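None of the values given here were measured: they were computed from a predicted structure. First listed ligand is number 1; within each ligand, the first listed atom is number 1.
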Amino acid sequence: MTGFASRTEEIAPFQVMAILQQAQALASKGVDVIHLEVGEPDFTTPEPITLAAIAALKAGKTHYTPALGLPELRQKIADFYQSRYGVTISAERIAITPGASGALLLLMAARLEAGDELLMADPGYPCNRHFARVFEAHGRLIPTAAESGFQLTSAQIKQHWHPGASKAVLMASPANPTGAMIPYPQLEQIAEQTRQLGGELWVDEIYHGLTYHDAVAATDDESNLASKRPQTALALGDDVVVINSFSKYFGMTGWRLGWMVVPEHYIPVIERLAQNLFLAPSTPAQYGAIAAFSEDSLAIMEDRRLELQQRRDYLLAELPKLGFKIPVIPDGAFYIYADARALTQDTQGFCEQLLQDTGVALTPGFDFGEQNANLYIRFAYTTHIERLQQAVLRIKTWLENKTGEK
Ligand SMILES: Cc1ncc(COP(=O)(O)O)c(C=O)c1O
């Protein structure tokens, strides 16, 4: 194929989508596929959100909104930072975007020069380095250790910083594919180190809200919960950028809506870019999202969080019995990053064969970086516990048969 920009050659396909396609092809042949590969839970959007969007559509709210989003929604988000985290953020610093993806694209368009480096953890969310590439910048994958929860440390940031080239550090907490959070004191050190190096800290908090700290009990009331919940990186100072989304915690993946909070002086440039690139985020999605902060919606999300926690705990107990090691116990999100080296040295082939033979779909480590990717597998506990039980049984029988064949 000719005529394509050379940068497109470095943009690898999202492997999980290839697995999903294979899984769908099997399902169309009547195979009962158990989806543990997809990064979105089986829950549909909470009803108060859907009803608010329908009402807005019926009321004729189908036109463009301001490029930075509806002022009412920006204010709701600012209020949420106050009530949930006790952090005061001006709504003027918030840009509503087409998903966290749209936020990351706008941020990189605004801040990265050609040739700049963006430091990020390996393993990590694969699209980030490709976004950087679109703007002729580079995502520098830094191998991380299980001891630091597969998160970058301030010492690594110092060690890998290239003066004149490195521009920013991008972290996710909780992270994909590991579910690991960065403890707040460590995040403080990272922010300080990055400032000293003259860089920027960008924190992706898309999985905030989906955390399973043991000390959080189902009976905790809202004020109790607030004191136990992880803190937002926005508390570190006005220079830190936070990316977030309605996709995961709020159950709105298909609506394509997210946001970011940026230093105030970024806003005119972000607005100009948003006007040109997207005109505005989706109008019905924004009206729906205003209802995402209602008590009813938050209660539904809390129930779902507890259900995800049960699923996580089930797999944490069962996977080691199958031979997987879990080097980092996930604090949040809906992923377990399992070390499969006792079972295979080729997780890509392992996952393909497992899918063909048993209908259980998993994501091999290759999607998330280079470091030992052939030894890791991501389990997404985005389906019912009964289905997880079936998946565990299928994998167990398959592994036993494989051993029997040898
Ligand atoms: C860490 C992380 N950031 C960003 C995204 C993009 O999310 P969205 O564009 O749906 O908000 C994802 C999606 O899986 C993710 O895992």
- Answer whether the closest heavy-atom distance between the side chains of Val203 and Val241 falls below 4.5 Å.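 No, every pair of side-chain atoms sits at 4.5 Å or beyond.
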- Query: So do the side chains of Leu20 and Glu37 get within less than 4.5 Å of each other, counting heavy atoms only?
  - Reply: yes
- Going by atom types only, do Trp259 and Ser245 share a side-chain donor-acceptor pair under 3.5 Å? no
- Is the closest side-chain donor-acceptor distance between Gln82 and Thr88 under 3.5 Å? yes
- How would you list, by chain and number, the residues with a heavy atom under 4.0 angstrom from ligand 1? Gly99, Ala100, Ser101, Tyr125, Asn176, Asp204, Ile206, Tyr207, Ser245, Ser247, Lys248, Arg256
- Does NZ or CZ of Lys402 fall inside the cone over Trp398's six-membered ring, less than 6.0 Å from its centre and within 45° of the axis?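 Checked: cation-pi criterion met.
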- Task: Among Arg311, Arg387, Arg304, find the one that has a salt bridge (Lys or Arg N to Asp or Glu O under 4.0 Å) with Asp42.
- Result: Arg311
